[in-house]
Amino acid sequence: MKTTLNIALWIIILFLSIIMNAQDYQGSWLGSIQGMPLIFEISKTTDGYTTKMQSPKQSPQFLPMDNTTIVDGEITMKLAAYKISYTGKLENGKIMGTFSQGEGSGAMNLEQKKYVEVKPNRPQTPEAPFPYKTEDVTFKNPKASDITLAGTLTLPVDVVSPPVVILISGSGPQDRNEELFDHKPFLLIADHLTKNGIAVLRYDDRGVAKSEGTQKGATSVDFATDVVAAIAYLKTRNDIDPEKIGLIGHSEGGLIAPMVIADHPDNVAFFVSLAGPGVRGKEVLMPQMRKNNEFYIDSTADIDFEMNVMEAIFDEIIAQPNAADEYMKTAILTIVKEKVDNADSAVQSKFTQENIKSLANQFSDPWFRYFIAYDPTSNLEKVTCPVLALNGSLDYQVVPEINLPAMEAAFAKANNQDVTIKTIPGLNHLFQNATTGSGGEYAQIEETFDPETLTLISSWINARF
């Protein structure tokens, strides 16, 4: 009887184990890496499991994972396009595991609980009522099929015909506030400048929010025509000084502004560069990528290999400026495959076919190809209006030691007599007071924009206009 009872109990335990293992990983799981919440929706199918992932602070969209496997009770989920992988095992109702992106990784445990958005503290974000006039405006770009761009114009109430600045956003689709991780730097800049007697026009990038058009296939040259359209619009108004229109460009915006100034020197009175590039795109991105890898990859050899691959890709892009997109995609595939095939097995395992295809798709994009090959020097050498060029010392996206000297040399060649160039200690690419400058800090820092830098910008403009 005892033996029979033990067998029966063993069968029951085994049966329950099978049932539990079949259901363990299904459901909605929540985790966090470097303070960034991630949601994994895991579903059981007839063929196994499927997963979709969301980064709720970055996007409302769920991304389907390429594959989800469970081997020996351990789940692995992969998203090749972003070099994302998660591996974990169920323990006491939680999945205890490791999240990896690229060569970086860290512990991340998942729980079956609902994501509740916790609004981050952003103490600098301006709130109505404002002590100045705020007007929603629209203007058309005749160089882009007459698309309508939508924005906000803020006007000081106690200044007649004030100077006015146009804010030009960095790379990627941005709204008029250049919102990122609940930070709204352009809203803050506009608020500060307008309170100090300077009107500000900020607008949604084409294809974003209330602006028409699309980002697809567009390059910095196309975005420059949007700025020209904004200038033309401001010149139709009688409540600003049309002779005192300036441009403030952040990151790629600091690259676009000199394009506009070079072609329309009589229409731009001043230029403020916030972490704008001073060298060719390749020279901007190579140190940026190396620095980013150093934050997350311990192996110098792995970093050197990846940088070698990137340099080969960038050199091919520069050598073939007029190549068709498909040709370039094939060329990039060939370059990466040859590099990986000649590498050791450990490196080969990190460059999957999905990763290689993702690289080829990204780097054959028209915007990316233009940025990599474009050298801003020729346009910077045509800038003769007053210039304020700023970078943070912890900016690893547009490294000040590389970009600011190149800008200074170009302005000197232009014989520009009013140039102020500063590297501000302790600030990152977003002009936040930072610890390392890593992009992982952007969301964690409560400060949106360094107050002293805001004062520097407004004082510099008001001293001249």
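Interatomic distance, Ile372 CD1 to Trp367 CH2, rounded to the nearest 0.5 Å: 8.0 Å. To the nearest 0.5 Å, atoms CG (Asp450) and CD (Glu447) are separated by 5.5 Å. Taken from CD in Glu135 to CG in Leu201, the straight-line distance is 10.0 Å, to the nearest 0.5 Å. Between Asn361 atom CG and Leu333 atom CG the span is 7.5 Å, to the nearest 0.5 Å.
Taking 4.0 Å as the cut-off between side-chain N and carboxylate O, Glu41 and Lys52 do not count as a salt-bridged pair. Salt bridge annotation for Asp205-Arg176: absent, with no cationic side-chain nitrogen under 4.0 angstrom from a carboxylate oxygen. Salt-bridge check for Arg369 with Asp325: passed, with a basic side-chain N closer than 4.0 Å to an acidic carboxylate O. Taking 4.0 Å as the cut-off between side-chain N and carboxylate O, Arg122 and Asp182 do not count as a salt-bridged pair.
Test Val208, Ile166, Thr152 against Tyr203 for side chain to side chain contact (heavy atoms under 4.5 Å, CB included) and you get one pass: Ile166.
Within the 4.5 Å cutoff, no side-chain heavy atoms of Ile457 are placed close to those of Ile189. Gln320 places none of its side-chain heavy atoms less than 4.5 Å from the side chain of Ile317. Ile198 has its side chain out of reach of Lys244: every pair of non-hydrogen atoms, C-beta onward, lies at least 4.5 Å apart. Side-chain contact check for Ile245 versus Val268: every heavy-atom pair is 4.5 Å or farther apart.
For Lys235, the NZ atom sits in a packed shell: over 12 heavy atoms of surrounding residues, nucleotides or ligands are nearer than 6.0 Å. Under a cut-off of 6.0 angstrom, the local environment of CZ in Phe130 is crowded, with over 12 non-hydrogen atoms contributed by other residues, nucleotides or ligands.
Qualifying salt bridge (Lys or Arg N to Asp or Glu O under 4.0 Å) partners for Asp304, counting only residues two or more places apart in sequence or in other chains: Arg290. Listed by chain and number, the residues in a salt bridge (Lys or Arg N to Asp or Glu O under 4.0 Å) with Asp239 are Arg237 (sequence neighbours excluded). Qualifying salt bridge (Lys or Arg N to Asp or Glu O under 4.0 Å) partners for Arg202, counting only residues two or more places apart in sequence or in other chains: none.
Asp204 places a side-chain N or O within donor-acceptor distance of the main-chain N or O of Lys210, the cut-off being under 3.5 Å.
Of all heavy-atom pairs between Gly439 and Tyr396, the closest is N-OH, 3.2 Å.
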Check step by step if side-chain hydrogen bond (donor to acceptor under 3.5 Å, both in side chains) holds for Asp395 and Asn428. CA-CA 4 Å; Asp395 186 345; Asn428 62 19; over 6 Å; no

